[in-house]
Amino acid sequence: MRSKNKKFCLSKSRVILNQELAQRRFLLRFEAPEIAKKALPGQFIQVKVGGFDPLLPRPFAVSWTENDYIEILVEVRGKGSSLLAKAQEGESFNLLGPLGKGFSLPKGNTKNLVLVAGGIGLAPLRFLAWEASKNGYFITLLYGDKNQSCFLPLKKLLPEKVLVRSIVEEKNGQTGMVTDLLKDVIEEFKDSCFFVCGPKAMLKEVYGQLARKKIVRAQFSFEERMSCGYGACLGCVVLTKKGYKRVCLEGPVFEGEEIIWESI
Amino acid sequence: MRSKNKKFCLSKSRVILNQELAQRRFLLRFEAPEIAKKALPGQFIQVKVGGFDPLLPRPFAVSWTENDYIEILVEVRGKGSSLLAKAQEGESFNLLGPLGKGFSLPKGNTKNLVLVAGGIGLAPLRFLAWEASKNGYFITLLYGDKNQSCFLPLKKLLPEKVLVRSIVEEKNGQTGMVTDLLKDVIEEFKDSCFFVCGPKAMLKEVYGQLARKKIVRAQFSFEERMSCGYGACLGCVVLTKKGYKRVCLEGPVFEGEEIIWESI
Amino acid sequence: MGIDLKVKIGSLELNSPLILASGTCSLETFAFLKPEETGAVVLKTVTLKPRQGNPPPRLAETPAGLLNTIGLQNPGVEKFLEHEIDLYPSSYKLVGSVGGETIDEYVEVAKKLEASNRFAAIELNVSCPNVNKGGIEFGRDEMLLLELVKEVRGAVSLPLWVKLTPNTSNIEKIALETSRAGADALVVTNTFVGMAVDIETQSSRISTLSGGVSGPAIKPLALYLVYRVAKNRNVAVIGGGGIFNFRDALEFLIVGAQAFFVGTAMLVNPLAAKEIISGLKEWLAGHGFHSIKEIVGTFREPS
Amino acid sequence: MGIDLKVKIGSLELNSPLILASGTCSLETFAFLKPEETGAVVLKTVTLKPRQGNPPPRLAETPAGLLNTIGLQNPGVEKFLEHEIDLYPSSYKLVGSVGGETIDEYVEVAKKLEASNRFAAIELNVSCPNVNKGGIEFGRDEMLLLELVKEVRGAVSLPLWVKLTPNTSNIEKIALETSRAGADALVVTNTFVGMAVDIETQSSRISTLSGGVSGPAIKPLALYLVYRVAKNRNVAVIGGGGIFNFRDALEFLIVGAQAFFVGTAMLVNPLAAKEIISGLKEWLAGHGFHSIKEIVGTFREPS
Ligand SMILES: Cc1cc2nc3c(=O)[nH]c(=O)nc-3n(C[C@H](O)[C@H](O)[C@H](O)COP(=O)(O)OP(=O)(O)OC[C@H]3O[C@@H](n4cnc5c(N)ncnc54)[C@H](O)[C@@H]3O)c2cc1C
Ligand SMILES: Cc1cc2nc3c(=O)[nH]c(=O)nc-3n(C[C@H](O)[C@H](O)[C@H](O)COP(=O)(O)OP(=O)(O)OC[C@H]3O[C@@H](n4cnc5c(N)ncnc54)[C@H](O)[C@@H]3O)c2cc1C
Ligand SMILES: Cc1cc2nc3c(=O)[nH]c(=O)nc-3n(C[C@H](O)[C@H](O)[C@H](O)COP(=O)(O)O)c2cc1C
Ligand SMILES: Cc1cc2nc3c(=O)[nH]c(=O)nc-3n(C[C@H](O)[C@H](O)[C@H](O)COP(=O)(O)O)c2cc1C
Ligand code: FES
Ligand code: FES
């Protein structure tokens, strides 16, 4: 791992596009050729907003790449994401990436993928969907979100071939979570490979359901508070069967079987 | 001094105009009706830029007012002024003002005023020039600046009637400082009233020249590091014959005779 | 919104938990306050003799912080009582802050302040880092501090607040003993000693070698000290250091402060106090609380 | 630009005054450094036995600061020497940071590190605020600290650096005695103890009650401590805390640090070290200096 040839790099990158996709959710496209060239689905970048306020860079999943461009999806939560949401086209930010270990597409003859996205957790799965569909996989997306107004424009974001089942938590009448969707369809997909991203409670619930059905081919993308994003601070750990692992370096994607789910 | 009826107020004000006047020098116009109504020449405002970075508001002289509008002239020095210089039209900032004690126009029959401006020190004198010329005073401006590229567009900034003598420090050939200009003309203006703003060393030199000629009618506008700008912290003092006085409250304008110049 | 803002600091009832910190407000500040929402206003520290204060520059900005070296500029207690105190509106609870170089000086000033009948409490500033004598020495030398508190306690009957220095390693012990010596409340904390250098001139950016750092930068440090002092439930704690908004104030209340003070925030934004109170009310109401007291000390220790 | 960057810390010559702080760099960091511009890299503190470290969340952002509670996660000295040390490039001067709960543990770890022949110096971390035992206790208990330094000094012959805690009131005295006990350099300072509360859950924002605050927020506090320690001209001082750019680094050099360390800045921007060095070179050249040593200790005391 004597990585003198850098796996990731720091680049000052221009915002090419900043578009409001849904309530408090934005799509930002950057011109970042070096990152775009290397990034794989499931990897992320660190975006530095502000000087000392906020101090730390903010991690965002790479959500799409093409030629010199990468896109991220930003949900407004606090200071950092608000500032990003206000970014002017033409403005530049320091980006560090691509970081972390991404998803692995199944080898052999498993061609069915199920992506399970909770809210903005769609971001890395979107990139995966594009890559996988290029490579001839069949993709089903289960997507749940809080309400209609923050619901992401899936048609716009995803390749055509993806089969979508979605649900909204706070809609009058039929409501539920993405984990309810999963419950309904899990039997159909027992031989598929699962890719999951969303809040921790949702990851845990999804893992539980899959485990009960003895489905082991499942990769989970984790979020954890970060500072460096490249393995230096040991700040972003998740408890695995081999002890604490860094979400930013050994993750953010982990096999379901690696994680000590009781700690989540 | 039980000031329940506020002398100054805090208002969220929009930038109406941001124009580069000369190298690293900008004119900003704000929509700030309450401040515009009350401000007098020599007073200043505190502009809050950034959240915690920078933390403190920045003081700028009111340089002009009309109806609901006020203007300030900003020289880019550090973080705060750089951010202001980049302000978009339409962007809002918290402004506190008008603050401090301004210039007093001479009563009686002295109608000749000499304004002595070092660089961006022109800012408050500009406002004075407009007010004084409305009130029938005769105004001579002595203005010196570092070099040709930061030289302020006096025609644009000042009322027509002002007589201008200016000098540039770093020009090939004839060079000098505003204090050299003063030396040349001081005899002519022995009965005038002087208004001076610029760097401390320049104030001191001007005071020295005036004192040697026994000219006592001279008001000096001081700069000092500030935090509150409204008298609360005792941070911005200058040594006077009556002890330390707050530049933000008892100043920024002081009579030359009040100051202990050896401390400057 | 029907939130009961009242708090008690020892026997003293305050209209709200918000206290304006010493040295960061003046007559002008009152235009931005409301008496019914203001717990108390601690006036600038006064000493027996007039103090000219330190030369400028007295201020330097640090990352998310303010470094100051005012040097306790004040007209001396007599002039203060003669010319200044009457200018302050009587609708507010005022607290007199006392500084000094000897115990006798503290005692004398405290007695004079009490005799004016204008004060609801006396605060001992034993922790100003910007004066050569007195100040921080008392804050650090435990024996001296205890003697000081006892002497003042014996000389005045007003509630006695003692403002501790953070620049010590055993604040719990000092706090405990100070309260035993008769303090009705501990104010935690004064500024942290700091320094800033102008690289171009290789000299201090303020007129003295070091000064006191306040503002958001010190908030996590101050909060930890308040937590430690407040663990001793026998004395009231007024907590602060870097409080800029209602969320910051809540952090201090949660770890056990009965009231909080606001200093630098008022310098940056004179409406800070009002905004903090309205933010507190709204948050408490939205979370089902009815009074400030309910949130005090609700901190859940990590397991 | 012809600036001589070399500095000497005791008998040890370093390529530059820039030292990477313990706990803020890993293998990945080296891709962003140049050996000829890097004084030394202090590796993450190791202990005798493996330490799992604290549960997440381990990090919280504070105003211009970072609050951490890593809890000295490390594989233990044996595994570290067996599996990890060889991954580090040999073109850099490495410093081994030692932590422990007893003096014997420190001694044993230090001896093992020395025996590996991979280190240019040993740094004693006696000041980590995030572990229950050891760590900060040594930093605060003077007698224990001196015994520790003497014991380690007797057991290894590598240059010995001691990293002091800022969470004390008499750092000068501790520094002086530590240097007398055999330290070749004092590293000032580790993180400041701090705390942050999540108001929604009324609990700590990190998994432990308190953690260590680093970053720009602590710079004025750290600078003052470095100044005080560096006044004793008999021992080398490596100063830091919140250094984010070359101007910050110059402040520490001016007040007397022979070298400086960079921690949190590298987490925010892995190019910080490179940028600091190039900024230093340019500034020094522009101001007529020829070597780093010329700027060290040039501070002019206020009159
Ligand atoms: C590997 C990784 C990939 C991510 N990808 C995306 C993405 O594609 N799109 C997206 O919108 N967000 C993503 N996030 C989360 C995003 O980084 C945080 O929302 C952001 O850092 C919040 O910053 P802030 O300043 O707006 O909020 P802050 O003011 O820092 O915090 C506001 C709230 O946001 C939450 N939060 C803050 N930081 C994190 C974090 N690191 N992890 C989880 N929750 C946090 C907390 O609830 C906090 O109370 C990702 C996080 C990680 C670790
Ligand atoms: C009453 C008053 C009126 C002023 N009017 C104007 C004006 O009309 N136009 C204008 O351009 N500037 C004016 N100034 C100066 C202006 O406030 C400073 O230039 C500004 O605060 C610098 O902020 P910064 O963040 O850009 O620089 P910083 O990063 O804070 O500092 C950069 C450098 O600027 C200088 N500086 C910073 N603050 C002050 C200060 N308060 N006084 C003097 N020098 C300072 C110092 O040399 C410092 O090293 C005025 C100052 C005062 C006190
Ligand atoms: C400019 C200034 C002057 C101060 N003067 C005094 C003082 O006279 N007496 C005192 O006890 N504290 C004084 N303090 C300390 C404050 O009261 C307060 O304890 C400290 O600033 C921390 O709180 P903050 O971060 O909210 O400002 C002063 C602080 C500042 C910034
Ligand atoms: C995430 C993190 C982990 C740290 N781990 C260690 C450590 O293991 N040993 C140690 O001596 N110091 C450790 N430190 C302290 C730093 O080495 C440094 O002394 C401190 O952060 C102040 O410097 P800075 O503001 O430049 O970061 C750590 C700091 C951080 C932020
Ligand atoms: S964020 Fe620093 S190790 Fe992961
Ligand atoms: S800036 Fe606070 S008193 Fe003048």
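Every chain is numbered from 1 and lettered A, B, ... according to where its sequence line falls, protein lines coming before strand lines.
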From C:Thr24, C:Leu59, C:Asn68, residue fulfilling side chain to side chain contact (heavy atoms under 4.5 Å, CB included) relative to B:Cys233: C:Leu59
Between chain B and each of C:Ala217, C:Ala60, C:Pro56, C:Gly23, count heavy-atom pairs under 4.5 Å; write down the option with the most. C:Pro56
Residues in residues 77-93 of chain B that sit under 4.5 Å from chain C, counting heavy atoms only: none
Heavy-atom pairs under 4.5 Å with chain C: which of B:Gly243, B:Cys228, B:Ala232 has the most? B:Ala232
d(C:Met266 CE, B:Ser227 OG) to nearest 0.5 Å is 12.0 Å
Pairwise distance CD(C:Glu61) to CE(B:Met226) - rounded to 0.5 angstrom: 14.0 Å
Residue pairs passing the ring pair (Phe, Tyr, Trp, His ring centres under 6.0 Å) test where at least one lies in residues 225-244 of chain B, sequence neighbours excluded: B:Phe8-B:Tyr230
Where B:Arg246 and C:Ser26 come nearest, the two heavy atoms and their spacing: NH1-CB, 4.4 Å
Does a sphere of radius 6.0 Å around CE in B:Met177 hold more than 12 heavy atoms from other residues, nucleotides or ligands, not counting ones at 6.0 Å or beyond? no
Report yes or no: does B:Arg225 contribute a side-chain atom to a donor-acceptor pair with the main-chain N or O of C:Arg58 at less than 3.5 Å? no
Contacting moiety of C:Pro57, where chain B heavy atoms sit under 4.5 Å: both
Count the heavy atoms belonging to other residues, nucleotides or ligands that lie under 6.0 Å from CD of C:Glu275, then report whether that count exceeds 12. yes
Residues, nucleotides or ligands: over 12 heavy atoms within 6.0 Å of B:Glu31 CD: yes
Partners meeting side-chain contact (heavy atoms from CB on, under 4.5 Å) with C:Ser22 (sequence neighbours left out): C:Val42, C:Thr45, C:Ser97, C:Glu123, C:Lys163
With a 4.5 angstrom heavy-atom cut-off, which part of C:Pro55 approaches chain B: side chain, backbone, both or neither? both
Listed by residue number, which members of residues 47-56 of chain B have a heavy atom under 4.5 Å from any heavy atom of chain C? B:Lys48, B:Phe52, B:Pro54, B:Leu55, B:Leu56
Would the number of heavy atoms belonging to other residues, nucleotides or ligands and lying under 6.0 Å from NZ of B:Lys242 be above 12? no
Separation between CG of B:Leu234 and CD1 of C:Ile70, rounded to the nearest 0.5 Å: 6.0 Å
What option among B:Gly231, B:Cys236, B:Ser263 has the most heavy-atom pairs under 4.5 Å with chain C? B:Gly231
